[in-house]
Amino acid sequence: MPATEALATPPKTQLLKFVADSLRAGTIELPSLPDIAIDIRVAINQADLEISDLAKLIQQDPGLSAYLLKISHSAHYNRGRPARNLSAAIQRLGLNAARDFTASYALKTLFLIQDPTVKSYMRDIWKRSVHTAALAHVMARHCKFDPDRALLAGLLQDIGALPLLANVKSYPELCAAPGELQKLLAEFSGKISGLILHNWQFDEELVQVGLNRENWMRDKSPQADLADLILVARYHTYLAERSHGKLPQLSRLPAFKKLGLEEIGPEQGLAFLTEAKQEVDELRSTLQ
């Protein structure tokens with residue numbers, strides 16, 4: 001881009017053009033799923049996998065081992081006594097949940113960027129993802145979805161913010177305008193999330209979750225899908241914020257209607273989520 005043209009073009013437009021051009025050229029640095037998460041996904045797809053073999057693989061990462069043990073002791077999975085070892089914890093969680101919680105642990109490390117320019121944005125985005133995931137996990141049981149898959153979907157939805165924030169420091173004017181940067185993230189993170197999830201070889205259902213993370217009036221089909229569940233869960237993360245007034249009423253969301261969620265509490269949120277607040281808070285604490 002010529003210097004005179006760059007000066008005349010708003011930083012937001014410059015960054016978007018850079019990201020768009022890099023996406024088309026395949027040169028953008030997309031975040032990579034850590035090797036341990038990939039190895040565990042491959043192992044769990046093996047028909048003859050033994051729990052003990054999976055435990056040996058996971059034990060290569062002590063932090064991950066401790067994380068899975070901690071989750072196995074949470075209210076949802078606890079069966080009255082702590083798991084004696086990692087194999088017992090995996091047995092309690094189940095193979096698919098162990099795979100998905102491994103991915104959540106890996107995602108958390110991607111958001112732990114210490115660059116002071118974007119650190120606070122990363123922290124806030126991860127906190128909202130965790131809150132969405134915890135709500136979705138509880139909602140899934142109520143709506144007959146797989147809770148562990150709903151939790152993973154909630155954690156994955158904002159991954160598209162990473163390439164935007166990784167490149168924003170090259171545009172100091174944008175860094176100095178938090179409102180503009182927030183608008184940029186809100187508008188384009190979903191599109192990039194879809195690309196990354198496709199690149200990581202996640203299935204189309206999870207890709208659609210990323211693409212539609214704040215597409216409040218989405219109405220793709222008569223039957224509710226995972227993207228609808230995550231939309232309603234994400235909506236609830238805004239209820240305690242001033243920005244809630246800018247959202248459409250919950251009862252107007254097509255996703256809300258398709259999920260059959262008719263019980264609304266005094267704060268215009270789902271009453272059963274208020275009742276499950278302790279469980280949601282405990283899961284949020286565990287994931288963070």
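Below, each value reflects all heavy atoms present in this structure, side chains not excepted, and no hydrogens, waters or symmetry copies. Residue indices begin at 1 and follow the sequence shown.
Between the NE2 atom of His198 and the CH2 atom of Trp200 there is a distance of 14.0 Å, given to the nearest 0.5 Å. Atom CD of Gln249 is separated from atom OH of Tyr235 by 7.0 Å, given to the nearest 0.5 angstrom. Remark: Leu259 CG to His142 NE2 distance equals 9.5 Å, nearest 0.5 Å. Distance check: Ile51 CD1 to Gln91 CD gives 5.0 Å after rounding to the nearest 0.5 Å. Atom CD1 of Ile38 and atom OG1 of Thr102 lie 12.5 Å apart (nearest 0.5 Å). Distance check, rounded to the nearest 0.5 Å: CG of Asp148 to CZ of Phe101 gives 5.0 Å.
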Step-by-step salt bridge (charged side-chain N to carboxylate O under 4.0 Å, His left out) determination, Lys220 to Asp228: CA-CA 9 Å; Lys220 185 177 179 180; Asp228 291 321; over 6 Å; no
Evaluation steps, side-chain contact (heavy atoms from CB on, under 4.5 Å), between Arg234 and His131: CA-CA 8 Å; Arg234 187 178 181 93; His131 193 183; over 6 Å; no
Derivation and outcome, side-chain contact (heavy atoms from CB on, under 4.5 Å), residues Leu86 and Lys56: CA-CA 9 Å; Leu86 184 58; Lys56 290 176 184 176; over 6 Å; no
Residues Leu151, Asp100; criterion side-chain contact (heavy atoms from CB on, under 4.5 Å); working and verdict: CA-CA 8 Å; Leu151 182 140; Asp100 292 345; 5.9 Å; no
Intermediate values then yes/no, side-chain contact (heavy atoms from CB on, under 4.5 Å), Glu204 and Val207: CA-CA 5 Å; Glu204 183 62 20; Val207 170; 4.1 Å; yes
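Taking the side chain as every heavy atom from C-beta outward, Lys12 and Glu187 approach each other to under 4.5 Å. Using a 4.5 Å heavy-atom cutoff, the side chains of Leu165 and Leu185 are in contact. Side-chain contact between Tyr121 and Asp124 is absent, with no heavy-atom pair separated by less than 4.5 Å. Between Trp126 and Leu155, the closest side-chain pair of non-hydrogen atoms falls below 4.5 Å. Contact check for Asp53 versus Leu57: no side-chain heavy atoms found under the 4.5 Å cut-off. Between Pro163 and Ile196 there is a side-chain heavy-atom pair separated by less than 4.5 Å. At a threshold of 4.5 Å between non-hydrogen side-chain atoms, the residues Asp219 and Lys258 count as touching. Leu174 is listed as a side-chain neighbour of Leu184, based on a closest heavy-atom distance under 4.5 Å.
Closest approach of His73 to Arg92, counting heavy atoms only: CD2-NH1, 4.0 Å. Contact detail for Ile230 and Gly154: the closest heavy-atom pair is CD1-N, 3.8 Å. Nearest heavy atom pair, residue Gly160 against residue Ser193, reads N-OG, 2.7 Å. When all heavy atoms are compared, the tightest approach of Trp216 to Pro248 is CB-CG, 3.9 Å. Across every non-hydrogen atom of Leu226 and Ala150, the tightest pair is CD1-CA, 4.0 Å. Contact between Thr132 and Ala233 at its shortest, heavy atoms only, is O-CB, 3.7 Å.
For Ser189 and Asp158, the side-chain atoms include no donor-acceptor pair closer than 3.5 Å. For the residue pair Thr237 and Arg128, a side-chain donor N or O sits within less than 3.5 Å of a side-chain acceptor on the partner.
Arg141 CZ: more than 12 foreign heavy atoms inside a 6.0 Å radius.
Side-chain N or O atoms of Arg213 include one that pairs as donor or acceptor with a backbone N or O of Ala186 at under 3.5 Å. The backbone N or O of Gly190 lies less than 3.5 Å from no partner atom in the side chain of Gln157, so there is not a single donor-acceptor pair. Side-chain atoms of Asp203 come within 3.5 Å of backbone atoms of Leu206 as a donor-acceptor pair (strictly under, hydrogens ignored).
A cation-pi geometry, defined here as NZ or CZ lying under 6.0 Å from the six-membered ring centre and within 45° of its normal, holds between Lys191 and Phe188.
Evaluated for a side chain to side chain contact (heavy atoms under 4.5 Å, CB included) with Tyr105, the options Asp61, Leu68, Ile58, Ile71 yield exactly one hit, Asp61.
Partners of Glu173 by side-chain contact (heavy atoms from CB on, under 4.5 Å), not counting sequence neighbours, listed by chain and number: Pro11.
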